[in-house]
Protein chains: 2
Amino acid sequence: MGASLKDVAQLAGVSVKTVSNVVNNYPHVTPGMRERVQRAIDELGYRPNLTARHLRKGRTGIIALAVPELGNPYFAELAGAVIDAAARHDYTVLMDHTAGQREKEVLVTQGFRAHVIDGLILSPIELETSDLLGRRDDAPLVLLGEREYDAPYDQIAIDNVAAARTAVRHLTGLGRRRIAFIGARREMARRPAHLRLRGWREELSEAGLPCGEDLVAATDGYGRWDGAAAMNALLDRGERPDAIFAYNDLMALGAMRALVERGLRVPQDVSVVGFDDVEEGRFSTIALTTVSPDKQAIARLAVERVVGRLTGAPQMSPERIQPGYTLIARESTSPPAA
Amino acid sequence: MGASLKDVAQLAGVSVKTVSNVVNNYPHVTPGMRERVQRAIDELGYRPNLTARHLRKGRTGIIALAVPELGNPYFAELAGAVIDAAARHDYTVLMDHTAGQREKEVLVTQGFRAHVIDGLILSPIELETSDLLGRRDDAPLVLLGEREYDAPYDQIAIDNVAAARTAVRHLTGLGRRRIAFIGARREMARRPAHLRLRGWREELSEAGLPCGEDLVAATDGYGRWDGAAAMNALLDRGERPDAIFAYNDLMALGAMRALVERGLRVPQDVSVVGFDDVEEGRFSTIALTTVSPDKQAIARLAVERVVGRLTGAPQMSPERIQPGYTLIARESTSPPAA
DNA sequence: CTCAGGCTTTACAACGTTATATAGCCCCAT
DNA sequence: ATGGGGCTATATAACGTTGTAAAGCCTGAG
């Protein structure tokens with residue numbers, strides 16, 4: 001066991017509180033005293049016990065970031081941004097992963113780390129509004145991601161409908177007419193909650209282009225494999241779209257892979273657009289066109305929101321904040337003519 | 001603030017310890033009493049304060065995993081495996097990222113989270129043996145990754161030299177003769193610590209093939225961009241290798257991208273092998289041949305080692321453990337003839 | 001020379017939990 | 001009837017820290 005304040009105090013022949021004062025740079029300590037205590041600290045290799053400090057202060061300086069899947073580079077990149085943003089406010093980030101399971105998402109919102117984390121940033125997948133309404137934990141909660149909730153919590157997400165429409169407009173602008181959507185979660189395909197799907201439908205419908213169920217490929221997950229499987233399923237049932245709008249980059253990459261395996265050329269035969277702008281898409285052999293959400297802004301806003309409620313303004317009214325996004329055109333949607 | 005044991009005790013009209021006993025499923029509690037207390041717990045929505053429990057027990061059930069970069073999918077995938085392995089032992093994982101900076105790596109090993117984490121799994125980049133020797137923190141430490149240290153800590157890593165030789169042998173077996181190495185860190189290029197580089201050199205030298213400095217492309221980092229830049233640098237200086245062995249998959253993918261941009265065909269003109277077996281490589285338009293370390297085993301062993309020292313066998317003598325690996329041949333090294 | 005007032009240090013309690021030791025109870029065997 | 005022994009519940013202390021209030025010390029003004 002490491003040394004405690006008591007040990008240091010004993011060695012230095014002073015009170016425990018004085019040592020505490022030195023450790024915390026309390027101003028009213030004479031230089032001589034400070035030095036004497038410091039010597040004892042050094043000699044014993046004393047390190048403050050943060051757990052005890054946390055207990056005493058009622059705060060830990062830790063905020064949790066719960067994401068569905070670390071293996072998805074979007075969340076890995078987002079996590080990096082959140083960690084940096086939190087560090088700027090002297091907070092540490094504890095990562096949780098929910099695997100997108102409602103049960104785990106509920107668990108996280110209910111504060112199963114009671115008093116270990118001061119706040120929570122959650123990117124939910126299956127969580128329902130009702131799960132949120134019964135929440136008792138009083139740690140600030142910020143929600144990220146595509147879904148919207150009618151619950152009194154901050155929600156930070158780009159305008160997914162508009163972003164999806166931008167992506168689809170990009171494709172129609174290239175002259176594409178049969179634009180498939182890949183990545184509607186099977187159980188949510190019909191729900192209005194699926195904002196990107198809604199944007200796809202709205203844009204196509206306004207353009208007078210087909211947007212029926214036959215052009216929607218449902219998936220079970222959000223990975224590369226799901227994208228490839230969905231693409232294959234689409235082609236297997238005789239569908240032959242001239243463009244793909246995927247729910248995210250990973251699925252777009254999987255779809256591209258499937259297309260190439262079947263001898264279809266990207267972008268000559270089929271244009272592909274993803275969503276997230278993960279680095280992997282930039283370096284893909286066929287660089288991927290994508291909607292790029294401002295991850296830095298998302299991370300910064302989420303952290304500021306949590307920290308803001310923790311210090312000073314606990315009763316801020318909950319807001320929906322929409323950071324910016326941009327469409328980044330790359331090779332996967334080079335003009336078919338070229 | 002949430003309710004505490006005291007509040008529950010008061011409401012139920014029992015002692016604090018009795019409530020504690022109920023919460024912890026202490027066996028000798030009468031059913032009647034248990035129910036009475038449980039009712040009070042439910043009514044107040046009591047949740048145990050884990051911080052206080054941690055202080056009392058001297059353990060937090062948290063182990064930290066410190067990796068250089070979450071954006072590298074290898075570490076993201078490894079993190080997932082570690083989290084799962086830890087969960088099987090009822091431990092939680094706190095992620096740290098060091099950005100591969102020695103200063104941060106040292107900080108982590110010195111236990112700057114004093115008493116918050118019970119143990120540490122670190123994948124170091126620039127850490128030196130000397131940094132380890134002065135370590136005072138007594139939390140168990142397990143080292144992962146390519147580097148070897150003469151320090152009394154568990155080290156878990158595949159046999160990097162042998163694995164690199166396997167990869168290079170695969171290339172020579174295809175008839176490749178000018179095999180470049182991409183990804184020697186600039187400042188380490190000459191050090192024996194660079195095991196994969198050593199394996200590359202040994203194998204080529206035994207085969208009587210060129211393995212001079214002209215075939216080594218140094219990089220500053222470990223990302224896709226670094227791989228592309230190194231590849232371009234190699235080509236710019238007139239080098240025209242017929243195969244690439246990259247330090248990791250990310251650099252291999254970057255190099256492939258650079259090759260394709262310059263009109264070279266993979267695998268017809270140049271074979272490419274990576275290292276790590278990240279999912280991204282499987283789904284690349286040209287699927288990447290790679291050395292696949294057994295990530296599950298690495299994670300499992302690391303966690304078992306930490307947990308083992310925490311419970312029962314604190315004085316186990318430190319070991320070097322080498323999990324298995326396999327070479328997975330994919331399209332990027334299809335026989336050039338084909 | 002004294003005392004007010006500021007600076008420095010201290011003693012004590014408290015954060016919420018669990019371990020230890022003890023007290024109370026009931027049942028059964030003597 | 002009495003006492004032992006097992007079971008249940010309790011009081012108290014402790015984990016290591018910091019806030020509070022008060023004590024001690026010193027300086028300088030009256």
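Only heavy atoms go into these numbers, but all of them, side chains included; no hydrogens, no water, no symmetry mates. Chain A is the first sequence line, chain B the second, and so forth, proteins listed ahead of strands; every chain is numbered from 1.
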Has [X] got a side-chain N or O lying under 4.0 Å from the OP1 or OP2 atom of [N]?
X	N	answer
A:Ser20	D:dT18	yes
B:Ser15	D:dA9	no
B:Arg56	C:dA19	no
B:Thr18	D:dT10	yes

Quick check for you: among [options], whose closest atom lies nearest to any side-chain atom of [X]?
X	options	result
A:Asn49	C:dT20, D:dG16, C:dT10	D:dG16
A:His28	D:dT18, C:dT18, C:dC7	C:dC7
A:Val16	C:dT18, D:dT18, D:dA9	D:dT18

Round to a whole Å and report the spacing from [atom1] of [X] to [atom2] of [N].
X	N	atom1	atom2	answer
A:Leu55	D:dG19	CG	P	13 Å
A:Arg53	C:dA14	CZ	C1'	17 Å
B:Asn21	D:dT8	CG	C1'	9 Å
A:Tyr46	D:dG16	OH	P	10 Å
B:His54	C:dT17	NE2	C1'	11 Å
B:Arg47	C:dC15	CZ	P	21 Å
B:Leu5	D:dT10	CG	C1'	14 Å
B:Leu44	C:dG16	CG	P	13 Å

Tell me if the side-chain of A:Lys17 makes a donor-acceptor pair with the base of D:dG19, cut-off 3.5 Å, by modelled atom types.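 When only heavy-atom distances are counted, A:Lys17 does reach the base of D:dG19 through a donor-acceptor pair under 3.5 Å.
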Residue whose closest nucleotide on DNA chain D lies nearer the 5' end, B:Met33 versus A:Lys57: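 It is B:Met33, whose closest nucleotide lies nearer the 5' terminus.
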Do A:Thr129 and A:Glu148 have side-chain heavy atoms sitting under 4.5 Å apart?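 A:Thr129 vs A:Glu148: side chains apart.
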Please say whether more than 12 non-hydrogen atoms of neighbouring residues, nucleotides or ligands are located less than 6.0 Å from CD in A:Gln101.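 Yes - once you tally the heavy atoms of other residues, nucleotides and ligands closer than 6.0 Å, there are more than 12.
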Backbone N or O of [Y] within a donor-acceptor pair of the [X] side chain at under 3.5 Å?
X	Y	result
B:Arg305	B:Pro140	no
B:Arg113	B:Val108	no
B:Asp294	B:Pro323	no

May I ask you to check whether A:Asp118 and A:Thr60 show a side-chain donor-acceptor distance below 3.5 Å?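 Yes.
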NA contact type, [X], heavy-atom cut-off 4.0 Å: base, sugar-phosphate, or nothing?
X	value
A:Thr30	sugar-phosphate
A:Asn24	sugar-phosphate
B:Ser4	sugar-phosphate
B:Tyr26	nothing

